[in-house]
Amino acid sequence: MTKSGKINAQPGVLLVATASYAGMGPYVVKIVNEVLSASREADSHVRAYALLVDDVDCYYQRNIDDANRGQTTIITYANSKLHKLRLLVAPPRCVTHALRRLCRTKHIDTVHFLSGDALYLPLIKECTRQYKTFLTVHDAAAHDAAKSWYKMLRQEILYRKFYRAIDVTPHLITNSRTQQDYLSARYPSKSVRFHSFPTLVTPRISTGILQSPELQGITNYILFFGRIEKYKGVDLLCEAFRMSAKLRDNYRLVIAGTGEPPATAHENGIITINRYIADEEVAALMRGAACVVFPYISATQSGVLSLSCYFRRPTVVSDIPYFMEHVARAPIALTFSSGSVEGLVRALIKVLQSPSREMIDAQESYYDTHYRDGQTANSLMSIYTDEL
């Protein structure tokens with residue numbers, strides 16, 4: 001029986017996402033499109049709906065499949081400085097009212113917050129009192145950061161709220177086995193479930209043909225792609241490029257993404273595209289690269305390997321636990337010791353001078369098995385029905 005008193009043969013699940021920045025947008029889109037589509041199958045045991053909060057760039061509006069529109073409510077809420085300040089105090093009433101209305105009219109039993117959603121802590125608390133509530137934990141610990149003081153203050157407030165959200169939510173979900181072990185030990189009374197990180201390759205990415213204007217006529221470069229953060233080791237990558245004559249003389253280094261690049265990212269031979277990269281640009285960006293590198297110092301979970309595997313690019317990654325979870329299964333990337341500039345130089349030179357056919361074949365096979373369509377929906381459907 002639902003909270004409204006109406007009996008339904010199938011439990012109702014509401015997927016909620018309140019952020020679409022960087023890789024979060026493709027992450028949510030993949031889950032929502034798969035789960036909503038699967039819920040319409042004749043043998044589905046779940047009815048599914050989605051509530052998405054869009055920024056003014058309308059990422060969700062542009063990427064949710066037409067077939068899923070009838071099960072999706074999208075609210076546009078500008079990510080302005082004023083709205084960011086308001087969110088630190090309370091969620092917008094339009095989102096609160098929409099969630100309550102959907103839960104009532106769609107006879108929801110289960111609510112799953114997909115995008116961290118720390119700023120919506122009051123809503124998470126409210127849901128835990130009335131519905132089976134899941135929270136996806138992307139990063140159980142804050143990453144190293146080098147930002148302006150007010151951004152650091154905002155991050156501190158966000159993580160305090162997120163830790164509180166973890167404390168009050170009985171059902172946690174993660175995409176990292178390492179983090180699952182940590183959360184299970186840290187919260188032994190909670191249910192901590194795992195499902196594989198979905199691919200970040202959306203239809204707009206796979207079919208995109210836009211060329212980044214900054215790279216007109218430029219190919220065969222070393223590529224870092226993603227939001228630029230201190231914990232992703234971009235400063236180490238710049239240092240590795242600067243100290244190696246073999247790299248400087250034969251390649252350019254391209255750093256593409258929003259964020260705050262290190263000062264060294266503007267030196268000779270380094271092209272920094274410090275802006276939002278549209279989905280339609282990603283294919284040309286990846287295919288033009290001689291290799292792709294993710295020199296992270298730390299990361300709990302990430303979808304970047306789905307991109308390098310899909311586009312079959314020689315890849316270098318640091319040996320942080322999350323990347324090693326994947327590389328241990330298949331040789332889809334060459335690894336180096338995290339934080340080692342010398343190790344990064346050696347790995348880059350090796351992968352560039354002797355591209356591995358084994359790596360490219362492994363990437364193709366790994367993508368087809370690890371990121372295949374329907375896998376995420378099947379995992380989540382099982383989690384929802386197991387926990388009901």
Side-chain angles (χ1 to χ4, degrees), residues 3 11 13-21 23-24 27-28 31 50-53 84-93 95-96 98-100 102-103 108-145 147 151-195 197 229 231 298-302 321-322 379-380 382-388:
K3 301 301 177 183
V13 175
L14 179 64
L15 305 176
V16 180
T18 62
S20 60
Y21 59 86
M24 189 64 75
Y27 175 90
V28 170
I31 290 176
L51 172 62
L52 308 176
V53 180
K84 284 181 177 180
L85 285 173
R86 287 177 175 173
L87 276 171
L88 292 176
V89 178
R93 282 178 291 181
V95 177
T96 300
L99 186 144
R100 290 172 178 167
L102 285 168
C103 287
I108 296 300
D109 305 276
T110 299
V111 180
H112 181 183
F113 290 89
L114 293 168
S115 56
D117 311 298
L119 292 172
Y120 291 76
L121 175 60
L123 272 184
I124 295 174
K125 287 181 176 179
E126 180 178 319
C127 287
T128 61
R129 293 191 291 267
Q130 301 181 64
Y131 311 104
K132 185 77 70 173
T133 304
F134 292 82
L135 175 70
T136 293
V137 180
H138 293 271
D139 299 299
H143 292 299
D144 291 337
K147 304 177 182 178
K151 289 184 178 179
M152 293 299 294
L153 176 60
R154 185 172 184 273
Q155 178 173 293
E156 175 66 21
I157 295 171
L158 280 172
Y159 264 94
R160 288 187 181 185
K161 287 177 175 287
F162 187 58
Y163 293 146
R164 183 58 184 149
I166 294 176
D167 286 342
V168 302
T169 307
H171 304 277
L172 306 178
I173 293 178
T174 181
N175 310 124
S176 164
R177 292 292 187 187
T178 302
Q179 184 161 256
Q180 183 185 28
D181 292 341
Y182 166 78
L183 290 170
S184 296
R186 177 72 176 80
Y187 302 98
S189 64
K190 296 182 183 294
S191 166
V192 182
R193 303 295 296 271
F194 167 89
H195 73 82
F197 203 110
E229 302 275 7
Y231 74 89
S298 65
T300 312
Q301 56 188 44
S302 172
Y322 180 75
S379 296
L380 282 171
S382 294
I383 290 172
Y384 299 148
T385 54
D386 287 350
E387 297 291 345
L388 286 171

- Rounded to the nearest 0.5 Å, the CG atom of Leu114 sits from the OG1 atom of Thr136 at a distance of 5.0 Å
- Message: Could you measure the distance from the CG atom of Leu183 to the OG atom of Ser191? Nearest 0.5 Å is fine.
- Response: 11.0 Å
- Find out whether Asn175 and Tyr27 are in side-chain contact, i.e. whether some heavy atom of one side chain is under 4.5 Å from a heavy atom of the other. yes
- Examine distances only and state if a side-chain atom of Gln180 and a backbone atom of Val192 form a donor-acceptor pair shorter than 3.5 Å. yes
- Item | Of Thr128, Asp117, Thr96, Thr133, the residue whose pairing with Leu123 passes side chain to side chain contact (heavy atoms under 4.5 Å, CB included) | Thr96
- Message: Does Val168 form a side-chain contact (heavy atoms from CB on, under 4.5 Å) with Leu135? I'd like the steps, not just the answer.
- Response: CA-CA 10 Å; Val168 302; Leu135 175 70; over 6 Å; no
- Message: Could you report the tightest heavy-atom contact between Thr300 and His138, atom names first, then the distance?
- Response: CB-O, 3.4 Å
- From Leu119 atom CG to Ile124 atom CD1, the distance as rounded to the nearest 0.5 Å: 9.5 Å
- Between Thr18 and Val16 the two heavy atoms that sit nearest each other are CG2-CG1, 4.2 Å
- Kindly indicate whether the side chain of Thr169, heavy atoms from C-beta on, has any atom under 4.5 Å from the side chain of Phe113. no
- Item | Ile31 vs His195 side-chain heavy atoms within contact, under 4.5 Å | yes
- Item | Heavy-atom pair of closest approach, residues Ala299 and Tyr322 | O-CB, 3.8 Å
- Note on the structure: Interatomic distance, CG@Leu14 vs SG@Cys127, rounded to 0.5 Å, equals 7.5 Å
- Task: Grab the two heavy atoms, one from Pro122 and one from Pro91, that are nearest each other, plus how far apart they are.
- Result: CG-CD, 3.8 Å
- Residue pair Ser176 / Gln301: nearest heavy atoms and the distance that separates them: N-OE1, 3.5 Å
- How close do Arg193 and Asp386 get, heavy atom to heavy atom, and via which atoms? NH2-OD2, 3.3 Å
- State the OH-OH distance between Tyr187 and Tyr182, to the nearest 0.5 angstrom. 6.0 Å
- Message: Using 30° and 60° as the class boundaries, would you call the ring planes of Tyr384 and His112 parallel, tilted or perpendicular?
- Response: perpendicular
- Message: Would you compute the distance between atom NZ of Lys190 and atom CG of Leu172 and round it to the nearest 0.5 angstrom?
- Response: 5.5 Å
- Message: Applying salt bridge (Lys or Arg N to Asp or Glu O under 4.0 Å) as the test, list every pair that has at least one member in residues 158-179; sequence neighbours left out.
- Response: Glu156-Arg160
